[in-house]
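Letters A, B, ... are given to chains in the order of the sequence lines, protein chains preceding strands, and every chain is numbered from 1. Note: hydrogens, waters and symmetry copies are ignored here, and every other heavy atom, side chains too, is used. Worth saying up front: this structure is predicted, and the values here are computed from it rather than measured.
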There are 2 protein chains.
Amino acid sequence: MAHESLTQTQKALLGLRQRILSGAITGGTRLYEVALAEELAISRTPIRAALSRLAEEGLLERGSGGGFIVRSFALADVVDTIDLRGVLEGTAARYAAERGASPENLAKAQTILREIDRVLADQAVDIEAYSSLNTAFHDQLAAMAQSATLQRELARITALPFASPSAFLEDHDRIDALQRTLISAQAQHIAILEAIAGRESGRAEALAREHARAARRNVEFLLSHEGVLREGVASLALLTD
Amino acid sequence: MAHESLTQTQKALLGLRQRILSGAITGGTRLYEVALAEELAISRTPIRAALSRLAEEGLLERGSGGGFIVRSFALADVVDTIDLRGVLEGTAARYAAERGASPENLAKAQTILREIDRVLADQAVDIEAYSSLNTAFHDQLAAMAQSATLQRELARITALPFASPSAFLEDHDRIDALQRTLISAQAQHIAILEAIAGRESGRAEALAREHARAARRNVEFLLSHEGVLREGVASLALLTD
DNA sequence: CTGACTGCGAATGTATACATATGCCCCAGA
DNA sequence: TCTGGGGCATATGTATACATTCGCAGTCAG
């Protein structure tokens, strides 16, 4: 097995996930263990384990009489999922405001926002840097809610590639337009944190909910320009229509 | 075991779920495939399949180095989960109001509510009948939202025994107190449906969210009377503290 | 011509032998 | 006594042979 220390299950998991996310296996397709085992040159047992985990992730669903089917996502599903993230993040922000965030957590969030400010100040924005800081802020928000349940469900939703807070950022062709978007988003970040610090729970919830609308607009924009932009947008390859 | 046509996986699933929900296996316990296989007289393969499905259900979590651990639920988790159901049902009610429910769906919901009225009119309330009608109303609410994503997540949350809309109903010892609770709940049902029919989305969301608070109060009440009431409350057997 | 029965084939379900990883305990040497 | 290493015990990981189930098609009878 050379120097790869991955188990067969992990290989199967990576291979299948990649095929689904890239659109190589399209939504609605029934997956057959034997066929996959042959294709990936792995026995059925780890294939089954991988399929099961992909079902947990939400990329597959179980068919009625056994077997797995690749979930298909229409535009409406994508939009609803992003909105749902907004609802959950809104709840997280409200909890953080109501329950009170610790000074350490507030400081950590502040630090992230200052770093984002620095990234945005550059002429040529480092999108990758923004992405990871943005993800970190959203993670921090989930942590400040002090609800393991909520944090868990947010992680679930966010695992879908098109519902992550930093989805689609790398797919913009017009950097100037993107930069304006990011500046607005950062203004919302600051307002959310201010509301949390000031224990303004209603404001915090509304702001966080609205914040997700930016992502939604982004998707709708990308999809309204069919062939032109949609090609090459990795996160959208698994959409059905 | 005779004429049972259940597969081994299904037997394992039922056996394990029962053991977890009843508290026979307590939260935090690591589950070992071989031990379970011996105990249930089933080979490891179906045991693994069952464990995997229980992880999907949210009753187990995967340990870091492989293996499964029984999730433990503290009171705070139960309360947060019920509140989360409220948030999601609130969103469902808002969507139903915003997107407009079909006359058929509104009529179906109306019918359910009239049947609940009839059940509540009896001197001795048929709690089982109320339970199933209540569940039907909540299911109908989820369907009226016209969002597969939301419906899916609601189903997930509701699968946890203590987060179901009809949890704890059968555990009341004072029927008269319970009856008063149910009458208030039914008033909320009626108001929610009225708000949806009238396209009052804000009102619908707020009402549905508040409606879940009744379930939350119920749990808090049951748990505040430690030994007295808590014993024999099946849905609470899996709580840790 | 139509309906049902039967057999075959392809799928998942199941058991089990063997592989591999990991952690602990014990022993030896500094 | 402390530390490092080696081996065993026990866990999950993997492959595979065999079981079972279910649907479909082909054929025969009414």
Side-chain angles (χ1 to χ4, degrees), chain A residues 1-20 24-72 159, chain B residues 1-20 24-72 159:
Chain A
M1 302 272 146
H3 53 90
E4 295 278 336
S5 70
L6 293 174
T7 66
Q8 300 294 80
T9 301
Q10 289 168 323
K11 285 185 209 167
L13 191 56
L14 292 172
L16 288 173
R17 193 192 285 119
Q18 190 273 331
R19 278 169 170 74
I20 294 168
I25 307 178
T26 68
T29 305
R30 165 99 184 259
L31 296 180
Y32 297 101
E33 295 175 6
V34 276
L36 295 174
E38 279 176 26
E39 188 179 335
L40 298 171
I42 291 173
S43 81
R44 279 177 58 211
T45 310
I47 295 285
R48 288 187 78 145
L51 291 173
S52 175
R53 296 186 79 126
L54 288 170
E56 280 179 58
E57 277 183 37
L59 289 178
L60 301 180
E61 51 195 358
R62 291 179 188 271
S64 53
F68 293 88
I69 297 168
V70 179
R71 263 182 82 186
S72 51
Chain B
M1 316 263 143
H3 55 86
E4 297 278 339
S5 71
L6 292 173
T7 65
Q8 299 294 81
T9 301
Q10 289 169 323
K11 285 185 208 167
L13 191 56
L14 292 172
L16 288 174
R17 194 191 286 119
Q18 189 274 332
R19 277 169 170 76
I20 293 169
I25 307 178
T26 68
T29 305
R30 163 100 185 258
L31 296 179
Y32 298 101
E33 296 175 5
V34 276
L36 295 174
E38 277 176 27
E39 188 179 335
L40 298 170
I42 291 174
S43 82
R44 278 176 59 209
T45 309
I47 296 284
R48 289 188 79 149
L51 290 173
S52 176
R53 296 186 78 123
L54 288 170
E56 281 180 56
E57 276 182 37
L59 289 178
L60 301 180
E61 52 193 356
R62 290 178 189 272
S64 53
F68 293 88
I69 296 168
V70 179
R71 264 182 81 185
S72 51

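Of the candidates B/T45, B/L40, B/I47, B/T45 is the only one forming a side chain to side chain contact (heavy atoms under 4.5 Å, CB included) with B/S43.
The nearest pair of heavy atoms linking A/G28 to A/S72 is N-CB, 4.1 Å. B/T9 and B/P46 make their closest contact through OG1-CB, 3.5 Å (heavy atoms, listed as atom of the first residue, atom of the second, distance).
More than 12 heavy atoms of other residues, nucleotides or ligands shown are found within 6.0 angstrom of CZ on A/R71.
For B/Q18, there are no side-chain hydrogen bond (donor to acceptor under 3.5 Å, both in side chains) partners, not counting sequence neighbours.
For the atom pair A/L31 CG and A/I20 CD1, the distance stands at 6.0 Å (nearest 0.5 Å). Distance check: B/T29 OG1 to B/R19 CZ gives 13.0 Å after rounding to the nearest 0.5 Å. For the atom pair CG of B/L36 and CD1 of B/I25, the computed distance is 6.5 Å after rounding to the nearest 0.5 Å. B/L16 CG to B/E57 CD: the interatomic distance, rounded to the nearest 0.5 Å, is 10.5 Å.
Atom CG in A/L6 sits roughly 15 Å away from atom C1' in C/dT20 (whole-Å rounding). At whole-Å resolution of the value, CZ in B/F68 and P in D/dT12 are 9 Å apart. Between the P atom of D/dA15 and the CG atom of A/L40 lies a distance of 12 Å, rounded to the nearest Å. Per the geometry, CD belonging to A/Q8 stands 14 Å off C1' belonging to D/dT12, to the nearest Å. D/dG13 atom C1' lies 12 Å from atom NZ of A/K11, rounded to whole Å. The interatomic distance linking A/L31 (CG) with C/dA11 (P) rounds to 12 Å, in whole Å. What separates CD of A/E38 from P of D/dT16 is a distance of 12 Å, to the nearest Å. The distance between atom CD of A/E33 and atom C1' of D/dT20, rounded to the nearest whole Å, is 14 Å.
Computed from C1' positions of five pairs at each end, the angle between the two local axes of the helix from C/dC1-D/dG30 to C/dA30-D/dT1 equals 10°, rounded to 10 degrees.
Residue pairs satisfying the salt bridge (charged side-chain N to carboxylate O under 4.0 Å, His left out) criterion with at least one member in residues 41-50 of chain B, sequence neighbours excluded, are listed as follows: B/E33-B/R44, B/E33-B/R48.
Phosphate contact (OP1/OP2 of C/dT20, side-chain N/O of A/T7, threshold under 4.0 Å): absent.
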Could you list the donor-acceptor pairs under 3.5 angstrom formed between side-chain atoms of residues 59-68 of chain A and any protein atom two or more places apart in sequence or on another chain?
unit_1: A/R62; atom_1: NE; unit_2: B/E56; atom_2: OE2; d: 3.3
unit_1: A/R62; atom_1: NH2; unit_2: B/E56; atom_2: OE2; d: 2.5

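At a non-hydrogen distance threshold of 4.0 Å, B/R44, B/R48 from residues 42-50 of chain B come into contact with DNA chain D. Of the residues in residues 54-64 of chain B, none has a non-hydrogen atom less than 4.0 angstrom from any atom of DNA chain C.
B/L51 comes within contact range of no nucleotide atom at all, as no heavy-atom separation falls under 4.0 Å.
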